Structures are given as C-alpha cells and as structure tokens.
Amino acid sequence: MLEIYNSLTRKSQPFSPLDAKNVRLYVCGMTVYDYCHIGHARVLVVFDVIYRYLTHIYGADHVTYIRNITDIDDKIIARANERGLNITELTEEFITAMNEDARALGVLSPNQEPRATAHMPQIIEMIQALVNKEYAYQAENGDVYYAVAKFEAYGQLSGRQLEDLRAGARVAVDEAKRDPLDFVLWKSAKPDEPHWDSPWGKGRPGWHIECSAMSTHCLGNHFDIHGGGMDLKFPHHENEIAQSCGATGEAFANVWMHNGFVQIDNEKMAKSLGNFFTIREVLERYDPEVLRYFILSSHYRGPLNYSNVHLDNSKNALTTLYTALRGIEIDESLLAPSEYSSRFFAAMDNDFATSEAQAILFELAHEINKLKIDQAMMAARYATELKSLAKLLGLLQRDAEDFLQAGQSGELSADEIEQKIAQRNQARADKDFALSDRIRKELQDAGVVLEDGAGSTSWRRE
RNA sequence: GGCUGGGUGGCAGAAUGGCUAUGCACCGGAUUGCAAAUCCGUGUACCUCGGUUCGACUCCGGGCCCAGCCUCCA
C-alpha cells in the first residue's frame, strides 16, 4: 500500500486516488528564462519516478501527469529585454533546452505541458470568478489583487497565521493593496510590455494564477497530487489553494508533495548566491545516468548535497550494477518477481524511498554475480528482474557495455582500444608479459581498464 | 521572532523498540602470469541531557547545532 507524506497534513498517509482509473498529478515546472540547473533536474527526476511508480501501480493509461511551463513573468520580460528578443523567442529557446536536458536524464514526457500564455481565457475566467465572489478586487492602479483575509483557510499549507505573516512581512507596503498580504492576480501592462486584453484592461497574469487555472483546466477542480520544490510551498502553493478553492468552492489537491533542495557545501544552491550548476555543465563531465542515480540516492524530501566526490561515488555504484548485468541476455519471459521485488516495492511504497530501493538493486546484483558462475539461467532470471525494477527508477536501461564504455570525445576510440587489446593478447600468447603489461599501463593511463576473462578481454572506461 | 525539515560509522545514506542496511572508500583472504572484476571476511555509528521500558539509535520531554521558508526561486 503506497503511503505518501502530505505537506498539507504533515504526515504520511495511505494514498487513495479519487479515481483509480485516472490518477491525477500536477507538478509546477519551470519558468523558462534560463538553462535548468541541478535543482530543476531534481524536480524533473523525482516526479518522473513518482509518475513511473504510480503508473506501475495503477496502469499505464490510468495516470495523468501534468507539468506546466510558466512562459510569462517579470523575469522573462526583463531577460528578453536584456537580450533584445521578444518573449516568445526567449522562452522557445529555453523550452527547447529544457526538453533536451529532460530527455538526457531519461525523464518521461508528461501527458501535457501546458503553457501560461496558451491559457489566458482560463486564467481570466478564474480571476473573474474570484472577483465575482469578492475574493478579489481591482485596485486604483488597475491591478487585480486577491484579498487574502477573505479566505479563511489561508495559511493551512505553510502552517502560518495571517498575524505572523503581517508581523514578519518584509514586503514593501504597496499602497494599492488593501492588505500587505494581498497578492496580484492581474498586473496592468506598462507601455511596451507584453499584454493580453481582459475585463480589467490590458495586462498579464500574476505569478500564481496560471498554475491554478491550468491545473483546474487539465485535471478538474479536485485532483490527487500537486507537487513542486520546497520553496514553492509558500507563497506559491498557499496562493494556489486560495485561488482555486476560492474560485471553484471545491477542494483542490488532496496531497501536496515538496522535494528538498540541492545544496552545495550545505548551503542552498541558488542563482542569487551564485553557486549553481546547470544540468548541461554537469553533463559535460558526467554521464546523465550518473546524475540521475545521484539524485535518487537520497530521499526526495531531504537535502541533496552536490559535489564531484558524490557524483564519482554514484558513477562507481552504477558501474557495479552494470557490471553485474554485463554479458547476460535479458529475457522478459524469464521474469519471475522474487523476494527482492517485494522488498523493492515495499521501499517505494514508503513515500518513495528511492535510496532504500537502490540498496535492493545491489543485493540483486550481488546475487547475479554469484549465480553467473555456474547457473546462467538463474542469473539471467535475476538480471531480468534487476532491470525491470531499475526501470521504475529510470536506471539501468542501457546495454551494459554501452554504459561501461561510454566515453568523451578526444579519448581513444573503441577501435583503437580493440587494436591495443589484440596486440596485448598476442603478447600474452607469446608470454611477453613485459609488453603485455606496458600496453595495459598505456591504456590505463588513457582511462581504460582491461579485464581478462575466460578466453576474451573486455574493457571499460573509468 | 514565527513556521518547516533534519542531526547515524571515513564519506553518502536507510530501516528498526531487543538481531546484518546498502553503496563508495579502507583492510585481510580467495582468484589472476600481473591486474581488473567478482567472491568470502574484518573494522569503524547512531548530537546532548533526562524520562518511559526487562531493554532505545529507534518512543516522550528539555537543550544544543544545521538547513530552508516568511521577498523572486525547483
């Protein structure tokens, strides 16, 4: 039985979907004005695994996963201006880049990736509903604000009281607002800013409304899971609840999930601190699967401390797993879930304990290595099981040799390596071990490790 | 100040009221022409102070420390 930690109730609860034939998941995706960093990689990978696992439980056609794209906001406008582009040129560029990054990381496509700019009618409709119900008002300056005090449950997600928020408010008081906590739903356009027509004049949506409008539009008023990074809990998600519940009068998401931050030297990785890495920078040095493995090596709610040492560690771990699979013919017809599968599922059922699930993969690899010696059939059976479990994490789906021998440009080519190996094996046949060892050393210096097996020599890159 | 999480062996990272996590690294052995891989094996822990208990790393309470949010942010 799957249990999920719900940020709303602050405890783990058995998950039961509103409709098991259509489990609905919405995740706040990216605001597209720059390349994705490792923090974004974490959201992508974590929710990809959640999506995979829900699909495993409820069936491929019974999960709807929506990950939105915010393609209009202040930062986008500012960045487009800096670069002399219109906002569409800018956002298209980074949406393409994001999709490349996601694909490299083995992230499955969500069922839909709705964009804010393509949902203006839904956004305006929701704001109108809020105005009609007097949850929102248009101020003197033309902006439309949400009147936070009107929504009784405000603060339930983040565990805050309105009074505490007011006391701690560091927001410069905006004269147009009735209450400093009110937030903007519709911003009237300044000259030269991108804008859309609305009942409140030309303008653009505020930051939070697009997610309320798109999730409702794609999944209905009331759905199962809403996720995103920790930092979105307040104010973004708190405001979404206020907007959606206010507008529809119905419950919104049942379960709220928030993934923890990526840190560097135990400090939050953030653009403002200048200590972030983009996904593509990391992929220049590491195989994308290594990054994926690393992300899944800690629980999604905890912090994830990034460092090269940790990625090296992940690479070694993945090498161990692929080595076990090496040379074994995967045969789906052999698949017979064993005790390892039950333990793997038990781990995943426990709020997606991926690091624990990974541990099971190693035990399977261990088992395979032992069986490999004289029970090929059993080894193949477990290897098939290993691969099928790992698939739920989006790992180990490549051919083992492909992973182990994957290299960077500028290194020795596979052909060159094979030639050296042939020379060395000739030397070995001639008992010229001095030459043989020289060739081994030469390859080793080039980052290639040789492994002499029975009758043949295999190799991998370090 | 308010609100969230968290403090486990050299590093990373889980579970659990009494018994082995797991990975990487390290050490010893097997194996190898030499290696690598693999197998076998050893070692290193549970922030602190109280309490509950026959027994707590695991439950409860106080303290200390760390990170995050309260302002754009995955």
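Fair warning: this is a prediction, and the values are worked out from it, not measured in the lab. Here is how names work: the chains are called A, B, and so on, in the same order as the sequence lines, proteins then strands, and each is numbered from 1.
Here the separation of B:A30 from B:A36, taken at their P atoms, is 14 Å to the nearest Å. Using P as the reference atom, B:C3 and B:U71 are 16 Å apart when rounded to the nearest Å. Rounded to whole Å, the P atom of B:G55 lies 29 Å from the corresponding atom of B:U22. With C1' as the reference atom, B:C49 and B:A56 are 15 Å apart, rounded to whole Å.
Evaluation of atom-type donor-acceptor distances gives a pair under 3.5 Å for the side chain of A:R440 against the base of B:A35. For B:G23, the base has no donor-acceptor partner in the side chain of A:T320 [N/O atoms by modelled type, under 3.5 angstrom]. If you check distances only, the side chain of A:D73 never reaches the base of B:C72 with a donor-acceptor pair under 3.5 Å. Counting distance only, with no hydrogens placed and no angle test, the side-chain atoms of A:D231 and the base atoms of B:G68 include no donor-acceptor pair under 3.5 Å.
Distances were taken from every side-chain heavy atom of A:K75 (C-beta onward) to each of B:G23, B:C72, B:U38; the shortest belongs to B:C72. When the nucleotides B:G33, B:A74, B:C69 are ranked by their closest atom to the side chain of A:D452, B:G33 comes out on top. Residue A:N259 has its side chain nearest to B:A74 when only B:A74, B:U22, B:A25 are considered. Out of B:A14, B:A36, B:G2, the shortest distance to the side chain of A:E356 is found at B:A14. Between B:A36, B:C11, B:C39, one nucleotide has an atom nearer to the side chain of A:H310 than all others, and that is B:C11. Among B:U38, B:G23, B:A14, the nucleotide with an atom closest to any side-chain atom of A:F362 is B:G23. Candidate nucleotides B:C40, B:U4, B:A36 were compared by shortest atom distance to the side chain of A:Y5, and B:U4 ranks first. You'll find that the side chain of A:R428 is closest to B:G33, out of B:A74, B:G33, B:A36. Here B:C69 is the nucleotide among B:C69, B:A14, B:A74 with the atom lying nearest to any side-chain atom of A:F234. Of the listed nucleotides (B:A14, B:C70, B:A35), B:A14 has the atom at the smallest distance from the side chain of A:S355.
As the counterpart of B:A67, B:U4 is assigned, both hydrogen-bonding distances of the Watson-Crick or G-U wobble pattern falling under 3.5 Å. Searching all strands for a Watson-Crick or G-U wobble partner of B:G41 with both distances below 3.5 Å returns B:C27. Across all strands shown, B:C59 forms a Watson-Crick or G-U wobble pair, both distances under 3.5 Å, with B:G51. With both pairing distances under 3.5 Å, B:U16 is matched to nothing as a Watson-Crick or G-U wobble pair. B:G33: no Watson-Crick or G-U partner with both key distances under 3.5 Å is found in any strand.
For the pair A:Y306 OH and B:C11 C1', the interatomic distance rounds to 17 Å; values are reported in whole Å. To the nearest angstrom, P of B:C70 lies 15 Å from CZ of A:F183.
If you find the closest nucleotide of RNA chain B to A:V449 and to A:N316, the one lying nearer the 5' end belongs to A:N316.
Looking at heavy-atom distances under 4.0 Å, A:R10 makes contact with sugar-phosphate atoms alone, never a base. When heavy atoms are screened at a 4.0 angstrom cut-off, A:Q161 is found touching no nucleic acid atom at all. Note on A:G260: a base of the nucleic acid sits closer than 4.0 angstrom, heavy atoms only. Heavy atoms of A:R424 sit under 4.0 angstrom from at least one base atom. Here A:L232 lies in heavy-atom contact (under 4.0 Å) with sugar-phosphate atoms only. Using a 4.0 Å heavy-atom cutoff across all strands shown, A:A317 reaches sugar-phosphate atoms only and no base atom. Residue A:G39 is in base contact, counting any heavy-atom pair closer than 4.0 Å across all strands shown. Nucleic acid contact for A:K370: sugar-phosphate only, since backbone atoms but no base atoms lie under 4.0 Å from a heavy atom of the residue. Among the protein residues, A:H258 comes within range of no part of the nucleic acid, since none of its heavy atoms lies under 4.0 Å from any strand.
Ring-centre distance between A:F183 and A:Y145: not below the 6.0 Å cut-off. In this structure, A:F345 has its ring center closer than 6.0 angstrom to the ring center of A:H56.
Under a cut-off of 6.0 angstrom, the local environment of CD in A:E416 is crowded, with over 12 non-hydrogen atoms contributed by other residues, nucleotides or ligands.
Side chains of A:E289 and A:Y322: a donor-acceptor N/O pair is present below 3.5 angstrom, by distance only. For the residue pair A:Y65 and A:D48, no side-chain donor N or O sits within less than 3.5 Å of a side-chain acceptor on the partner. Side-chain N/O atoms of A:Q426 and A:D430 include a donor and acceptor closer than 3.5 Å.
Within the model, atoms CD1 of A:I127 and CH2 of A:W186 stand 6.0 Å from one another, a figure rounded to the nearest 0.5 Å.
Between A:D73 and A:K187 no salt bridge is recorded (no basic side-chain N to carboxylate O distance below 4.0 Å).
Stacking between A:F261 and B:G68 is absent: the ring centroid is not both under 5.5 Å from the six-membered base ring centre and under 30° in plane angle.
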